[in-house]
Amino acid sequence: VQLQAFGGGLVQAGGSLRLSCAASGPIFSVADMGWYRQAPGKQRELVATITRRLRAANYADSMGGRFTISRDNAKNTVYLQMNSLKPEDTAVYYCKADIRSLGSSYYGAYWGQGTLVTVSS
């Protein structure tokens, strides 16, 4: 089982980016999915999470309503739409998912490889 994130890049302040992260491999079920980020010299922090069935989203207060998380359960994919980007949003963005693999009876936490978002002023 692996998670692969896409969509990072360089964008000017005020611009938008859409990140995606797909889970693949011998998957039985994917529960909560989410995005975290780590800026240079800082600890990794929560951006947003989303549940599977109700698609209930939870956002870190600091995101200020500029980000929207969504998911496609059929594709085991989570998205993060980021609008009105600021230089302080520059970070490596990581996706995370709680996945039950085939043949397993429990969920494990899996992380993607990270995708770099750079916002220029």
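Every heavy atom of this structure was used, including side-chain atoms; hydrogens, water molecules and symmetry mates were not. Remember, it's a predicted structure, so these values are computed and weren't measured experimentally.
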Partner residues of Pro40 under the side-chain contact (heavy atoms from CB on, under 4.5 Å) criterion, sequence neighbours left out: none
Would you list the pairs meeting disulfide (SG to SG under 2.5 Å) in which at least one residue belongs to residues 41-75, sequence neighbours left out? none
Test item: Met82 and Val117 side chains (from C-beta on) under 4.5 Å apart, heavy atoms: yes
For Tyr110, ring pair (Phe, Tyr, Trp, His ring centres under 6.0 Å) partners two or more places apart: none
Using the side-chain hydrogen bond (donor to acceptor under 3.5 Å, both in side chains) rule, collect all pairs that involve residues 67-82, keeping only residues at least two apart or in two chains. Arg71-Asn73, Gln81-Asn83
Applying disulfide (SG to SG under 2.5 Å) as the test, list every pair that has at least one member in residues 90-121; sequence neighbours left out. Cys21-Cys95
Between atom CG of Leu80 and atom OH of Tyr36, what is the distance when rounded to the nearest 0.5 Å? 12.5 Å
Are the side chain of Thr115 and the backbone of Gly8 linked by a donor-acceptor contact shorter than 3.5 Å? yes
Nearest heavy-atom approach of Ser16 to Ser84 is OG-N, 4.3 Å
Could you state whether Leu46 and Val78 fall into the same hydrophobic cluster, counting links through intermediate Ile, Leu, Val, Met, Phe, Trp or Tyr residues with side-chain heavy atoms under 4.5 angstrom apart? no
Name all pairs fulfilling the salt bridge (Lys or Arg N to Asp or Glu O under 4.0 Å) condition that reach into residues 104-121, sequence neighbours left out, sorted by first residue then second. none
Please step through side chain to side chain contact (heavy atoms under 4.5 Å, CB included) for the pair Asp32 and Thr49, ending with a clear verdict. CA-CA 7 Å; Asp32 291 0; Thr49 60; 5.6 Å; no
Min side-chain heavy-atom separation Leu17-Val11 under 4.5 Å: yes
With a cut-off of 3.5 Å and sequence neighbours excluded, list every side-chain donor-acceptor pair involving residues 50-65.
unit_1: Thr51; atom_1: OG1; unit_2: Arg55; atom_2: N; d: 3.3
unit_1: Thr51; atom_1: OG1; unit_2: Ala56; atom_2: N; d: 2.8
unit_1: Arg52; atom_1: NH1; unit_2: Val30; atom_2: O; d: 3.3
unit_1: Tyr59; atom_1: OH; unit_2: Ile69; atom_2: N; d: 2.9

Could you tell me whether the side chain of Trp111 reaches within less than 4.5 Å of the side chain of Leu3, counting heavy atoms only? no
Pair listing, side-chain hydrogen bond (donor to acceptor under 3.5 Å, both in side chains) test, anchored in residues 20-29, at least two apart: Ser29-Tyr107
Side chains of Gln113 and Gln4: closer than 4.5 Å at any heavy-atom pair? yes
What pairs meet the side-chain hydrogen bond (donor to acceptor under 3.5 Å, both in side chains) rule with one or both residues in residues 96-106, with sequence neighbours excluded? Lys96-Asp98
Flag the pair Leu102 / Ile27 as yes when at least one side-chain heavy-atom distance between them is below 4.5 Å, and no otherwise. no
Between Leu19 and Trp35, is the side chain to side chain contact (heavy atoms under 4.5 Å, CB included) condition met? List the steps. CA-CA 9 Å; Leu19 307 182; Trp35 290 94; 3.7 Å; yes
Residue pair Tyr94 / Gly112: nearest heavy atoms and the distance that separates them: CD2-O, 3.7 Å
For Ser121 and Ala13 the tightest heavy-atom approach is CA-CB, 4.3 Å
For Asp89, check side-chain contact (heavy atoms from CB on, under 4.5 Å) against everything at least two apart and list the hits. Arg37, Arg66, Phe67, Leu85, Lys86, Tyr93, Val119
